[in-house]
Student: 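This is the structure, below, for whatever I ask next.
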Number of protein chains: 2
Amino acid sequence: MAKKYERKQAPVIAGAAKSVTLIDVARVAGVAPMTVSRALNRPELVRSDTQRKVIEAVRATGYVPNMLAGGLASSKSHLVAILLPTIANSIFSDTVQALMDGLTTSGYQTLLGLTGYSTSREEALVEAILGRRPDGIVLAGTSHTDATIERLTKAKIPVVEIWDLTDNPIDMVIGFSHEKVGVAVARHLIRKGYQRFGIVSVDDPRGLRRCESLKNELAKHGIVDTSFEVLPAPATLQGGREGLTRILASSSPEIVVCSSDTLAQGVLAEAASRGLNVPRDVAVMGFGDLNTAAHVCPALSTVRVDGATIGKNAAEALLTRFAAESGYEGERLNVRIDTGFTIVDRESA
Amino acid sequence: MAKKYERKQAPVIAGAAKSVTLIDVARVAGVAPMTVSRALNRPELVRSDTQRKVIEAVRATGYVPNMLAGGLASSKSHLVAILLPTIANSIFSDTVQALMDGLTTSGYQTLLGLTGYSTSREEALVEAILGRRPDGIVLAGTSHTDATIERLTKAKIPVVEIWDLTDNPIDMVIGFSHEKVGVAVARHLIRKGYQRFGIVSVDDPRGLRRCESLKNELAKHGIVDTSFEVLPAPATLQGGREGLTRILASSSPEIVVCSSDTLAQGVLAEAASRGLNVPRDVAVMGFGDLNTAAHVCPALSTVRVDGATIGKNAAEALLTRFAAESGYEGERLNVRIDTGFTIVDRESA
DNA sequence: CTGTTAGCGCATTCAG
DNA sequence: CTGAATGCGCTAACAG
């Protein structure tokens with residue numbers, strides 16, 4: 001009697017070779033399809049000689065497991081989605097690299113979505129992405145539409161919000177307080193004796209919060225005439241040049257603080273082309289990562305954020321959750337990591 | 001008699017609410033599941049009042065289509081994979097942005113893979129990714145292992161190799177010749193009167209090819225004592241500083257050519273900290289995109305590559321192929337686009 | 001225009 | 001340790 005799991009009919013059209021499936025491998029190996037599945041996914045449950053036969057058959061047939069089918073059957077997609085505003089000039093690149101390193105090592109793949117700093121685009125992306133049944137999702141920021149939050153909550157998958165903190169996370173949060181950055185920068189610079197400030201920010205929610213917090217803290221110290229220029233996102237060098245130009249049109253600050261390093265470098269370029277000496281004529285402060293800032297211009301100060309740590313922690317948090325939900329149930333995690341930040345001065349760089 | 005497509009049994013366990021499916025929507029809308037599927041995917045085949053009922057039921061139930069199931073049934077995943085060496089300091093960011101813009105608009109999602117400049121890692125990623133049955137795949141570069149090429153060929157999906165050219169593409173190619181970049185830079189700089197060159201490159205295949213081509217062309221013009229320093233990938237500012245340090249230890253070039261803008265900026269930083277005037281004491285030339293180079297330092301020249309055009313063309317090529325394979329069969333495309341490059345001088349910036 | 005039937009390729013669940 | 005039956009959620013291909 002024919003084995004039950006044989007294909008109902010062999011391919012008829014010669015050219016249209018159906019792709020090879022578990023069943024084909026099973027036939028070649030002389031075992032049941034289920035055994036092939038186990039040999040591939042849980043080798044410890046299979047005798048080693050059976051294992052060898054299967055591996056051999058896989059190679060012989062050129063079999064590539066269909067993860068759509070596997071995911072459908074097992075409700076595990078081995079997919080993690082990452083939503084970022086943009087990857088241009090990205091302060092997120094270290095984070096993404098570290099996150100993907102961690103996930104790839106454990107057999108997860110990464111779906112990327114770019115929101116362009118728009119929560120409505122984020123909403124649309126989240127809806128589309130959830131259709132792919134990812135096992136987890138990572139979002140930049142903690143500000144989302146109600147619909148996004150609701151869908152994410154109902155999806156019942158691990159969610160990590162990164163690069164910010166909040167008291168009402170959807171699930172897990174790994175980041176730092178942008179308000180604290182503003183306050184810390186204000187106090188730091190006041191302590192160093194600065195009195196006249198300029199601020200250049202792009203229209204990005206977190207950048208604006210840093211800069212507004214800075215401005216507020218300055219006001220608390222009696223510094224109220226701070227010029228504040230906002231440029232359209234994303235940050236570009238051209239934006240920085242434009243920002244300084246506008247600032248200088250109406251004031252003459254001792255220091256210009258920027259919402260990102262990219263912007264700060266644009267300010268440096270504009271200063272150079274105006275023959276201004278940095279930091280003697282005007283000092284410049286950025287935000288982001290040492291690699292893109294202090295090294296380029298020893299005259300530049302910056303706020304250093306450890307993006308790689310954020311990514312690494314996010315990967316670990318997700319993987320732990322995945323393991324927990326697979327039955328190695330430990331106690332429910334409640335991940336909230338404040339990664340902090342460091343102010344890097346030109347003297348200390 | 002009960003409709004055939006009703007679920008065999010309603011959920012028993014109250015808490016473990018099964019996610020809502022097509023069948024649930026169909027029941028609420030009072031139509032067959034197939035009609036819901038059509039209303040969602042091919043609305044033009046459905047009467048508008050039926051359509052309305054379905055939409056209403058979708059909203060009422062909070063239905064999110066399961067693309068794993070849809071993909072399995074239709075052999076269309078609406079997924080495109082992109083493989084890049086890294087996203088750090090990435091000259092690819094414009095390309096990725098443009099590519100994703102084009103694909104997202106047409107309902108495709110993007111799987112990202114990072115190869116770290118390793119063809120063997122690329123091979124492993126390709127195998128894993130093909131399991132997801134992507135509708136298309138984009139690879140940075142034209143250099144791959146034999147196994148990668150074989151798998152990709154057998155997968156019978158559109159493949160786009162970008163940021164390089166070759167006479168033996170797997171399928172489609174969109175990029176430019178790195179050898180020509182080297183030659184063009186050499187001729188350009190010789191014409192401007194430079195005689196003593198230094199070269200700093202990271203250990204990235206395309207960067208090295210540009211620099212080796214430059215060195216060869218210089219040799220053809222009788223310039224043979226060119227110092228050439230290679231640093232580990234990826235490009236960093238620190239690498240650029242180190243590169244200039246090594247160059248100056250053994251020579252005193254009039255100009256230092258770098259394999260990327262990031263490296264060039266590192267060279268600028270090192271020059272500054274040595275009190276060297278750029279370009280008077282030493283000129284610097286980079287490679288990449290205007291936004292990261294000439295704007296920062298008017299003293300820097302660079303080779304400008306239009307990454308966004310590469311991404312846009314790649315998206316269009318893929319989408320056209322997808323349409324063709326769905327039956328709107330036009331003539332078979334044979335995409336090979338030389339996007340070229342431009343040398344941007346400090347005078348012209 | 002709408003409904004029915006029959007899988008897509010795999011893993012879960014239970015038998016042996 | 002291995003095998004058989006069943007269905008994940010959806011859509012192609014036909015019927016009406």
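Reminder, nothing fancy here: chain letters follow the sequence lines and each chain counts from 1.
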Student: Rounded to whole Å, please give me the gap between CG in A/Leu45 and C1' in C/dT12.
Tutor: 13 Å
Student: Let me know the distance between CD1 of B/Ile23 and C1' of D/dT11, rounded to the nearest Å.
Tutor: 12 Å
Student: Looking at every strand, decide which applies to A/Leu72 at a 4.0 Å heavy-atom threshold: base, sugar-phosphate, or nothing.
Tutor: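 A/Leu72: base contact, heavy atoms under 4.0 Å.
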Student: With a cut-off of less than 4.0 Å, is there a side-chain N or O of A/Asn66 near OP1 or OP2 of C/dC8?
Tutor: no
Student: Are the side chains of A/Phe92 and A/Ile310 in contact, using a 4.5 Å heavy-atom criterion?
Tutor: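 In short, these two side chains do not touch, never coming nearer than 4.5 Å.
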Student: What is the distance, to the nearest angstrom, from the NZ atom on A/Lys76 to the P atom on C/dG9?
Tutor: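 Between P of C/dG9 and NZ of A/Lys76: 22 Å.
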Student: For C/dA11, take OP1 and OP2 only and decide whether either is under 4.0 Å from a side-chain N or O of A/Ser37.
Tutor: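 So the side-chain polar atoms of A/Ser37 do come within 4.0 Å of the phosphate oxygens OP1 or OP2 of C/dA11, strictly under.
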Student: Figure out the CZ/P separation between B/Arg42 and C/dT2, and round it to whole Å.
Tutor: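 After rounding, the gap between these two atoms is 14 Å.
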Student: Is the phosphate of D/dT2 approached by A/Thr50 (side-chain N or O, under 4.0 Å from OP1 or OP2)?
Tutor: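 Yes, within the criterion.
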Student: Mind checking whether A/Val160 and A/Asp171 have side chains closer than 4.5 Å, heavy atoms only?
Tutor: no
Student: Between A/Asp49 and A/Arg52, does at least one N-O distance fall below 4.0 Å, as a salt bridge requires?
Tutor: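 No.
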Student: Would you kindly give the CG-to-C1' distance between B/Leu22 and D/dC8, to the nearest whole Å?
Tutor: 13 Å
Student: In whole angstrom, give the distance that lies between atom CE of B/Met34 and atom C1' of C/dT5.
Tutor: 12 Å
Student: Atom CZ of B/Arg132 to atom P of C/dG9: distance rounded to whole Å?
Tutor: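 It is 17 Å, rounded to the nearest whole Å.
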Student: Taking the nucleotide of DNA chain C with the nearest heavy atom to each, does B/Arg38 or A/Met67 sit closer to the 5' end?
Tutor: B/Arg38
Student: Pick the nucleotide of DNA chain D nearest each of A/Thr35 and A/Arg133; which residue has the one closer to the 5' end?
Tutor: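 It is A/Thr35 whose nearest nucleotide is closer to the 5' end.
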Student: State, to the nearest 10°, the angle formed by the axis through the first five base pairs of the helix from C/dC1-D/dG16 to C/dG16-D/dC1 and the axis through its last five.
Tutor: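 It works out to 30° between the end axes.
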Student: Taking atom C1' of D/dT2 as reference, at what distance in whole Å does atom CZ of A/Arg47 sit?
Tutor: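 Nearest whole value for this atom pair: 9 Å.
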Student: Looking at side-chain heavy atoms only, is the closest gap between A/Ile170 and A/Thr153 below 4.5 Å?
Tutor: yes
Student: Are any non-hydrogen side-chain atoms of A/Val138 and A/Thr95 less than 4.5 angstrom apart?
Tutor: no
Student: Let's see if you can work this out: which of D/dG9, C/dA11, C/dG9 has an atom nearest to the side-chain heavy atoms of B/Thr21?
Tutor: D/dG9
Student: Out of curiosity, A/Met100 CE to A/Gln109 CD, how far, rounded to the nearest 0.5 Å?
Tutor: 9.0 Å
Student: I'd like to know if B/Glu56 and B/Arg59 make a salt bridge, using a cut-off of under 4.0 Å between side-chain N and carboxylate O.
Tutor: yes
